[in-house]
2 protein chains.
Amino acid sequence: MAVSATTRAQIVEAADRLFYEQGFEHTSFTAIAETVGISRGNFYYHFRTKDEILAAVIDFRIETTRDMLRQWAAETADPAQRIRRFIRIVLTNGADIREFGCPVGTLTAELAKLRHPSRPEAVALFTLFRDWLAGQFTALGHHPATADAMALHVLAFSQGVATLANAFGDDDFVRREVDRLEAWLAGGLTL
Amino acid sequence: MAVSATTRAQIVEAADRLFYEQGFEHTSFTAIAETVGISRGNFYYHFRTKDEILAAVIDFRIETTRDMLRQWAAETADPAQRIRRFIRIVLTNGADIREFGCPVGTLTAELAKLRHPSRPEAVALFTLFRDWLAGQFTALGHHPATADAMALHVLAFSQGVATLANAFGDDDFVRREVDRLEAWLAGGLTL
DNA sequence: GAGATCCTAGGACGGCCGTCCTAGTCGCTG
DNA sequence: CAGCGACTAGGACGGCCGTCCTAGGATCTC
């Protein structure tokens, strides 16, 4: 049981990374098996289909994200500071983003094109950030509707920056946009 | 020769649409052949590999985009009005974007994950818009470096909005963000 | 009207894909 | 130590993929 849980976790983590780096469809069972170091047949014991792995990966990402947001909330009480932490993800994860884009945005886009049944679960990852950000803006004294609009604005910022960072690999551009949005956050928060 | 040119063009246009709707890798020779209404074998006469089709599709998109930008330049002399036209693409093509995302952004992201040799050509599509936008900002009296930063800012806006529109399908959000960026364009153009 | 050229249809090929089966190993429990 | 459940390795399967070959039809030239 302990060993199987480890193997299962190893599969999920390897798939998580491979889905991010190569895309869901392009990642084969063989590639995951080789990464983990298990036989391809053994696989079937833990996951019956590739879609089941995807579902597990999305659940894993949701859990990981929840933990991260909780961590942020525990470390800083100021909502503005929390939002700033989100804004700076594009710097913190700059190298990965330049190479592979945003994990959430690219997965959601791919599943949309595949018309994959798990698409709503991937979108839920976006919703997680959206609701958390909206909560911070609400804590800053904004009405819920305004707070949600601001949350979407911040999300759009990070998606746009991630996409262009991936395309052009321009770190200066990322820094400039981060500065701009932080100024917006510190200033009027005009929408 | 006239017939072959037509067939070739039909293949490119069908592939263009399918690559957009389903992604490059997910689109098979069979799917393209069925869309055009030709046999799968005949294909090989016009394109020897799938990568050749991709290259032709990217060339086609570059040509189409160039035509569109020329058209815009011909129709309106005011640079600000031209930029506004670009900003409003997310509204004009709202239905497609909600369903499939931005054609340029999603293709670039996919080719990055596939480490595909044609990735630079896809990025060139971005560069086309980037340079054109920078040209408009220059015409508004900004220095080249500033104009380029503004161009990237507008591009990031459209990518962010397209990604979230695809994820959430929220038309109000798109309209709100368009209004906001148009206000920025009409106002200070602060970066 | 014969022949060269352009174009097409249909199918064969090797390969990798996701899926599934089976025999067997390990470790725990009684 | 017998038995059972958890776990693994290896390989077989049908199917679709991209690629490639070949024979024949259409069209144009002299």
Side-chain angles (χ1 to χ4, degrees), chain A residues 1-58 107 110-111 113-119 121-122, chain B residues 1-58 107 110-111 113-119 121-122:
Chain A
M1 166 86 171
V3 177
S4 93
T6 299
T7 301
R8 195 193 141 95
Q10 276 180 304
I11 292 173
V12 170
E13 281 167 38
D16 180 29
R17 189 68 200 173
L18 287 170
F19 289 173
Y20 176 39
E21 294 184 0
Q22 316 187 357
F24 167 67
E25 192 170 31
H26 187 66
T27 301
S28 65
F29 273 64
T30 307
I32 303 174
E34 277 175 2
T35 303
V36 179
I38 60 172
S39 99
R40 216 175 67 265
N42 178 14
F43 237 101
Y44 190 64
Y45 176 78
H46 300 279
F47 299 98
R48 302 169 70 84
T49 66
K50 201 179 173 186
D51 289 353
E52 278 186 19
I53 302 183
L54 175 62
V57 165
I58 295 177
L107 179 65
E110 183 181 1
L111 297 188
K113 284 189 199 290
L114 300 183
R115 296 167 193 283
H116 196 282
S118 285
R119 182 161 101 102
E121 280 73 44
Chain B
M1 166 88 169
V3 176
S4 94
T6 298
T7 300
R8 195 193 140 93
Q10 276 181 304
I11 291 174
V12 171
E13 282 168 38
D16 180 30
R17 190 67 201 175
L18 287 171
F19 288 173
Y20 177 39
E21 294 183 0
Q22 315 186 359
F24 167 66
E25 192 169 31
H26 188 65
T27 301
S28 66
F29 273 63
T30 307
I32 303 173
E34 277 175 2
T35 303
V36 179
I38 61 172
S39 99
R40 216 175 66 266
N42 178 16
F43 238 100
Y44 190 64
Y45 176 79
H46 300 280
F47 300 97
R48 301 168 73 85
T49 66
K50 201 180 173 185
D51 289 352
E52 279 187 20
I53 302 182
L54 176 62
V57 165
I58 294 177
L107 180 65
E110 183 180 1
L111 297 188
K113 285 189 200 289
L114 300 183
R115 297 166 192 282
H116 196 283
S118 285
R119 181 161 102 100
E121 280 73 44

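Just so it is clear, the structure is predicted and the values come from calculations on it, not from any experiment. Throughout, protein chains are lettered first and strands after them, A, B, ... in sequence-line order, and every chain is numbered starting at 1.
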Whole-Å distance separating the OH atom of B:Tyr45 from the P atom of D:dA23: 18 Å

Nearest-Å distance for atom pair CZ/P, residues B:Phe47 and D:dT19: 13 Å

A:Phe29, nearest nucleotide to its side chain (from C:dT19, D:dT8, D:dT19): C:dT19

Integer-rounded Å distance: D:dT19 P and B:Glu52 CD: 9 Å

First encountered from the 5' end of DNA chain C, between B:Phe43 and A:Asp51: B:Phe43

DNA chain C-proximal residues of residues 30-42 of chain B, any heavy atom under 4.0 Å: B:Ile38, B:Ser39, B:Arg40, B:Gly41, B:Asn42

Of the listed nucleotides C:dC17, D:dT8, C:dC20, the one nearest the side chain of A:Tyr44: C:dC20

Nearest-Å distance for atom pair CG/P, residues A:Leu18 and C:dG18: 12 Å

Kindly list each side-chain donor-acceptor pair under 3.5 angstrom involving residues 34-44 of chain B, sequence neighbours excluded, with atom names and distances?
| from | atom 1 | to | atom 2 | distance (Å) |
| --- | --- | --- | --- | --- |
| B:Thr35 | OG1 | B:Ala31 | O | 2.8 |
| B:Ser39 | OG | B:Gly41 | N | 3.3 |
| B:Ser39 | OG | B:Asn42 | N | 3.2 |

d(CD, A:Glu25; C1', C:dC16) in whole Å: 13 Å

Under 3.5 Å donor-acceptor, B:Glu110 side chain and B:Phe24 backbone: yes

Gap separating the CD1 atom of B:Ile53 from the OG atom of B:Ser118, nearest 0.5 angstrom: 12.0 Å

Residue B:Lys50, side-chain atoms from C-beta onward, closest of D:dT8, D:dG18, C:dC17: D:dG18

N/O-N/O pairs, protein side and nucleotides 3-5 of chain D side, under 3.5 Å:
none

